[in-house]
Q: 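Mind having a look at this structure? Questions to follow.
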Amino acid sequence: MRRSYDVIIIGGGVQGLSLAYNLALRKAGKIAVFDKSYIGSGASGRNGEMIRSAFGSEEWIRFFDTSLRLWETLSEELDFNVMFTRCGYLVLAATNDELVTFRKLTRLQKALGLDTRLLSQEEVIEWIPAINPKMAAGGILQPGGGFARHDAVVWAYEKAARRMNVRIKPHTEVKDIVIDNNSVTGVMTTAGKISAGMVVNAAGGHARQIAAMAGIDLPTDVYRLEMLATEPLKPFLPWAVSSPHTLSYMHQTTRGEFVGGAEIEHLKPAKNLRSTGAAIQDMAGKFVRLFPGLGKVNLMRQWAGIVDMAPDASPILGPATGLESFVLDCGWVYGFVGAPAAGSLLADYIVSGEIPRNIRPFHINRFKEGKPIRDLSLVVPTKSTP
Ligand SMILES: Cc1cc2nc3c(=O)[nH]c(=O)nc-3n(C[C@H](O)[C@H](O)[C@H](O)COP(=O)(O)OP(=O)(O)OC[C@H]3O[C@@H](n4cnc5c(N)ncnc54)[C@H](O)[C@@H]3O)c2cc1C
């Protein structure tokens, strides 16, 4: 272990690893990633794997479409198959009112250069005969979206970063942030004090705790999200699908498993990773409402992960306010799909000192300035969305 680095990243999830890789690519000096557990142990190894850029606000669309373009060549770039399946992504409307909103969203998406189309109820049913017609009024299809294998993405970034001499240290917990004269100068870890020119908070569900060590109060709350996987089934779901109406999302793997998650309405903040009976009941009920045939299917697995969510459910990206050399890469609820762009754009910022246009709106100051970013197409726990 060196005692000094140019950049230390706290958190070996997909965000921290993407940033480390992108910094190494830009020859940003000596870089280290510390994780208190194994690499990918956080939400990055537990998520729904869904990938899209067809969101409902200009800020989200611009940022996530940058990411989607990077996903297209990610396996090649990292020399590791991340199993990005570009099968298409459908955001399902359950009511005609939702479809009216979706029509407006497609106009915005097209104006920003996205390839999306509004599907009628008949088209959705033709493509997914197993769907309950009462839950499908139509939807927005993004043919370039889909899903990727989350573990593979973590391993791909980790290997690529290591090849470029990034030091990745699992089981090394950051216990405190060292500050000198209003500037972060290092971290205290379970392996001792390590100096750094810059420290990045990419600690996922623990980002608020890390920020507090630096005297910064992140306006976030931690939520436990849960998912399930069924036994393998014959292919019936051609696209990745999210249903804002039921706060659920799902896809079918190449092995045939139906994999999906749902957010419980009025979810309370929770940190532990224990799966719950309430979540399995909620998910099963919603999935059977959407696809009645799933009622007869066996459940194979259930698991949970945590995310640290801001009041507007948008990520918090860029330099901290009032403290030098401390960068925020947190508040992620869609941090899997966002990782390629966040890593690339934050690395650009760290190397140049200029905040790239597509991450500027996500700066922490937006809360003080009264400029939250509300996106109408998200599937997020309802409690925290204003
Ligand atoms: C059930 C579920 C479904 C999801 N579905 C999707 C989806 O379909 N699409 C999508 O885009 N996103 C999805 N997400 C969100 C996505 O997984 C996260 O936004 C993303 O993984 C965040 O990555 P991260 O690297 O910031 O955090 P994490 O992967 O949580 O990594 C943070 C790391 O920091 C480490 N850490 C914490 N504290 C310390 C410390 N003191 N010292 C050292 N290390 C520390 C942790 O051990 C952890 O490994 C989902 C999340 C969940 C839980």
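For clarity, every value in this text was computed on a predicted model and none was experimentally measured. Along the sequence shown, residues carry numbers from 1. For ligands, and for the atoms within them, numbers begin at 1 and follow the listed sequence.
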Q: Using 0.5 Å steps for rounding, measure from the CE atom of M250 to the NZ atom of K286.
A: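 Here the rounded value is 10.0 Å.
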Q: Test your reading of the structure: does R46 have an N or O sitting under 3.5 Å from an N or O of ligand 1?
A: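 No; every N/O pair is 3.5 Å or more apart.
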Q: Mind checking whether M213 has an N or O less than 3.5 Å away from an N or O of ligand 1?
A: no
Q: For the residue pair W71 and F336, is the inter-centroid distance of their aromatic rings smaller than 6.0 Å?
A: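 Ring centres of F336 and W71 closer than 6.0 Å.
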Q: For W332 and ligand 1, does the shortest N/O to N/O distance drop below 3.5 Å?
A: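 In this structure, W332 places an N or O atom under 3.5 Å from an N or O of ligand 1.
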Q: Quick test of your reading of the model: are D79 and K159 salt-bridged, counting only N-O distances below 4.0 Å?
A: no
Q: Does an N or O anywhere in Q15 fall below 3.5 Å from an N or O of ligand 1?
A: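 Indeed, backbone or side chain, Q15 has an N or O that close.
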Q: Report the nearest protein non-hydrogen atom to atom 52 (C) of ligand 1: residue, atom name, distance rounded to 0.1 Å.
A: L225 CD1, 3.8 Å
Q: Inspect the contact between R26 and D348 and indicate whether a charged nitrogen and a carboxylate oxygen are less than 4.0 angstrom apart.
A: yes
Q: Is M227 close to ligand 1, meaning an N/O of one under 3.5 Å from an N/O of the other?
A: no
Q: Distance from W239 atom CH2 to L92 atom CG, nearest 0.5 Å?
A: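 Rounded to the nearest 0.5 Å, the CH2-CG separation comes out at 9.5 Å.
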Q: For S41, counting its heavy atoms only, list the atoms of ligand 1 lying under 4.0 Å from any of them.
A: 47 (O), 49 (O)
Q: For ligand 1, which is the ligand I care about here, please tell me if K36 has any N or O atom under 3.5 Å from one of the ligand's N or O atoms.
A: yes
Q: Give me the residue, atom name and distance of the protein heavy atom closest to atom 27 (O) of ligand 1.
A: G204 CA, 3.4 Å
Q: Tell me, please: is T172 in heavy-atom contact with ligand 1, that is, under 4.0 Å?
A: yes
Q: Near I210, which atoms of ligand 1 are under 4.0 Å from a heavy atom of that residue?
A: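 Here the atoms of ligand 1 in question are 40 (C), 41 (N).
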Q: I'd like to check whether F336 has a polar contact with ligand 1, where a contact means an N/O of the residue lying under 3.5 Å from an N/O of the ligand.
A: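 The answer is yes, given that F336 and ligand 1 share an N or O pair closer than 3.5 Å.
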Q: May I ask you to check whether E173 has an N/O atom sitting below 3.5 Å from an N/O atom of ligand 1?
A: no
Q: Going by distance only, is there an N or O of G48 that falls short of 3.5 Å from an N or O of ligand 1?
A: yes
Q: Any nitrogen or oxygen of V337, side chain or backbone, less than 3.5 Å from one on ligand 1?
A: yes
Q: Any idea which of G261, G343, P315, S44 brings a heavy atom closest to atom 21 (O) of ligand 1?
A: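 Of the listed residues, S44 has the closest heavy atom.
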